[in-house]
Structures are given as structure tokens and as C-alpha cells.
Amino acid sequence: LDITTKPIVFDADTGGIQEHFIYLVKTLERLGVSACVIEDKKGLKRNSLFGNEVNQEQESIDVFSRKISAGKSSLSGKDFMIIARIESLILDKGMDDAIKRAKAYIKAGADGIMIHSRQKDPAEILEFCRQYAQIPSRKTLVVVPSSFNSITEDELEKAGVNIVIYANQLLRSAFPAMQATAESILRHSRSLECEEKMLSIKQILELIPGTK
């Protein structure tokens, strides 16, 4: 917040139980965070892209809706957004269930809907977008194209998507580079061989405001 005016979106997993979620939302709002995303699953965080390969249970519509409403009621202002992430497509519950949940979560006070899919073909996401566009009270629509990465932002925008989140691409790019550098240092007992693949120390320092 000291170096940018861009919004901070916090990944809150399931948000915890309702009583805890209230305090989380109040704390995030007080710290200056702009929004949090909570997913409609039970229990400890399990990566959605595992799908049904691991035990993942979806929360009931009523319980999750009450959590959204409680979070919204605890806010001091009107700017903080609670975005409800729907796991119906991830867990093979079907399009009808996903749309039903979207309507219920919006009614409960959600400021946005995130829809997720583990299909490589974006057709499933585009169909959700088509049906979601028919909801009169629809809110901000968010997608995370980790699996269906062939679709462009322009195509998603035309389908009605408002926010696109690239959730893991930078980390997945950084790790192989760091691994290759570590292996080179171990192999040669020095860093000379990997120097040309790295930013200079001067470039790194210039990334930090006020260090030039």
C-alpha cells in the first residue's frame, strides 16, 4: 500500500467457519485490502485442480450463503468486496448447480462470483458465462485460466468476464529458473556459469524505489 494504488485481492480459501470469517473480513478491511475470495468447500484447503482425485466436499448453499451475509454485515464501509468462488464444475456437480449457487450467493450479498474449471477446453467456462449473463442481478465475474489457458483475455471479456487472475504462472516460471541456477552452482562450485541468465545486482536494486 506504500508503493501502489492497485487493489489487493486476498485468497481466503474457504474463509473458515462463519465466526472466524467475520473477524478475518474486519481485519482485511482495516488493513486496506480491497477484496477477499472464498470458495464453497468444507475443511482444509485442497487444490481445486485435483478435482475428485482427492476428497473434497462442497459446502451447502445455505451455510455458505450465511457466511457471505455475516461477512458483509461485519464491514464498516461499502468498498470491501467478498467474492464467492464456486467449485461445482471442479467437483463435477454440473452447470445447473453452479448457476443455482451463483444466484444464491449474489442474493446473500456476494460482490462477485469466481467460476473455476479443470477442463482444458474453455467451452465449460464459456457456457457458464453465457448462462450467468442471463442473471439480472449478476455481479463482477472472475475466472482463473490455469487449465483452460488457450482462451484469450479478449475472448473472456466478450463472454462477460470482468477479472482474469493468473494464479500460479509466475511461480511456475520462477521455480525452474531457480532450480537450474542452484544445480549450476553445485556442479561448478561457483556462479560464473549462470551469471548471464540472471539480473545484475544493479538491476535488482533499481527495482526498489529510492535506491538509485
Side-chain angles (χ1 to χ4, degrees), residues 9-18 21 35-69 71-72 81-172:
V9 181
F10 183 86
D11 183 354
D13 296 335
T14 65
I17 63 175
Q18 180 176 312
F21 182 58
C36 73
V37 181
I38 54 171
E39 58 189 71
D40 57 357
K41 288 193 298 194
K42 293 181 180 180
L44 298 175
K45 171 69 177 179
R46 307 297 295 273
N47 191 289
S48 293
L49 298 182
F50 282 122
N52 290 322
E53 294 177 18
V54 298
N55 183 33
Q56 301 190 73
E57 187 176 355
Q58 201 167 14
E59 187 59 90
S60 73
I61 293 177
D62 289 343
V63 170
F64 197 72
S65 294
R66 287 198 299 271
K67 185 185 295 186
I68 294 169
S69 295
K72 290 298 294 182
M81 297 176 66
I82 295 177
I83 299 171
R85 171 171 153 174
I86 297 172
E87 296 289 281
S88 300
L89 303 183
I90 289 288
L91 300 175
D92 299 324
K93 296 293 184 64
M95 192 65 64
D96 289 346
D97 186 74
I99 292 296
K100 180 180 180 181
R101 286 173 178 270
K103 292 177 180 177
Y105 299 162
I106 291 171
K107 185 177 180 181
D111 303 290
I113 294 294
M114 178 186 287
I115 187 62
H116 208 11
S117 170
R118 54 192 171 92
Q119 301 299 319
K120 293 186 179 299
D121 190 325
E124 184 176 58
I125 285 292
L126 290 174
E127 175 59 22
F128 178 89
C129 292
R130 188 189 69 78
Q131 294 191 33
Y132 184 75
Q134 307 305 312
I135 301 176
S137 57
R138 64 187 178 278
K139 302 291 185 178
T140 299
L141 182 59
V142 186
V143 299
V144 184
S146 296
S147 296
F148 49 98
N149 55 16
S150 63
I151 195 166
T152 66
E153 292 172 12
D154 285 343
E155 291 172 310
L156 289 169
E157 184 178 6
K158 288 177 182 177
V161 173
N162 304 107
I163 299 174
V164 178
I165 296 177
Y166 296 96
N168 49 52
Q169 284 80 1
L170 295 182
L171 179 62
R172 288 161 56 200

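- The shortest distance between side-chain heavy atoms of Arg85 and Val144 does not fall below 4.5 Å.
- Interatomic distance, CE of Met114 versus CG of Leu141, reported as 9.5 Å (0.5 Å rounding).
- A salt bridge links Asp97 with Arg101; the closest basic N to acidic carboxylate O contact falls under 4.0 Å.
- For Ala110 against Ala84, the heavy-atom pair with the smallest separation is CB-CB, 4.2 Å.
- Using a 4.5 Å cut-off on side-chain heavy atoms (C-beta onward), Glu124 and Met95 make contact.
- In this structure, Arg138 CZ and Ile106 CD1 are separated by 9.0 Å, a value rounded to the nearest 0.5 Å.
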**OP:** For the pair Lys107 and Ser65, evaluate side-chain contact (heavy atoms from CB on, under 4.5 Å) and give the outcome as yes or no after the intermediate values.
**Re:** CA-CA 8 Å; Lys107 185 177 180 181; Ser65 294; over 6 Å; no
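- With contacts defined as side-chain heavy-atom distances shorter than 4.5 Å, the pair Thr140/Asp111 does not qualify.
- Side-chain atoms of Ser69 come within 3.5 Å of backbone N or O of Ala108 as a donor-acceptor pair.
- Residue Ile17 qualifies as enclosed at atom CD1: its count of foreign heavy atoms under 6.0 Å is above 12.
- Nearest heavy-atom pair, Glu59 versus Phe64, reported as atom, atom and distance to 0.1 Å: CG-N, 4.0 Å.
- Residue pairs meeting the salt bridge (Lys or Arg N to Asp or Glu O under 4.0 Å) criterion with at least one partner in residues 139-168, sequence neighbours excluded, do not occur; the list is empty.
- In terms of the ring-ring contact (aromatic ring centres under 6.0 Å, His included) criterion, residue partners of Tyr132 (sequence neighbours excluded) are, by chain and number, Phe128.
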**OP:** Kindly indicate, with the supporting measurements, whether the criterion side-chain contact (heavy atoms from CB on, under 4.5 Å) is fulfilled by Asn162 and Val142.
**Re:** CA-CA 6 Å; Asn162 304 107; Val142 186; over 6 Å; no
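- In this structure, CG in Leu156 is found 6.5 Å from CZ in Phe148, a value given to the nearest 0.5 Å.
- Between the side chain of Asp11 and the backbone N or O of Asp13 there is at least one donor-acceptor pair closer than 3.5 Å.
- Side-chain contact between Ile68 and Ile38: present, with at least one pair of heavy atoms (C-beta onward) separated by less than 4.5 Å.
- Using a 4.5 Å cut-off on side-chain heavy atoms (C-beta onward), Ser150 and Pro122 make contact.
- Salt-bridge formation is not detected for the pair Lys67/Asp40: no Lys NZ or Arg NE/NH1/NH2 atom is positioned less than 4.0 Å from an Asp or Glu carboxylate oxygen.
- Val9 has its side chain out of reach of Ile163: every pair of non-hydrogen atoms, C-beta onward, lies at least 4.5 Å apart.
- The structure places CG of Leu91 at 12.0 Å from CD1 of Ile86, a figure rounded to the nearest 0.5 Å.
- Summarising the geometry, atom CD belonging to Glu87 is positioned 8.0 Å from atom CD1 belonging to Ile115; distances are rounded to the nearest 0.5 Å.
- Atoms CD and CG, on Gln169 and Asn149 in that order, are 7.5 Å from each other to the nearest 0.5 Å.
- Enclosure of atom NZ in Lys100 is not indicated, since only 12 or fewer non-hydrogen atoms of other residues, nucleotides or ligands lie within 6.0 angstrom.
- Of the possible donor and acceptor atoms, one in the side chain of Arg118 sits under 3.5 Å from a partner among the backbone N and O of Ile90.
- Atom NZ of Lys103 sits in a sparse spot, with 12 or fewer heavy atoms from other residues, nucleotides or ligands closer than 6.0 Å.
- Phe21 approaches Gly71 most closely through the heavy-atom pair CE2-CA, 3.8 Å.
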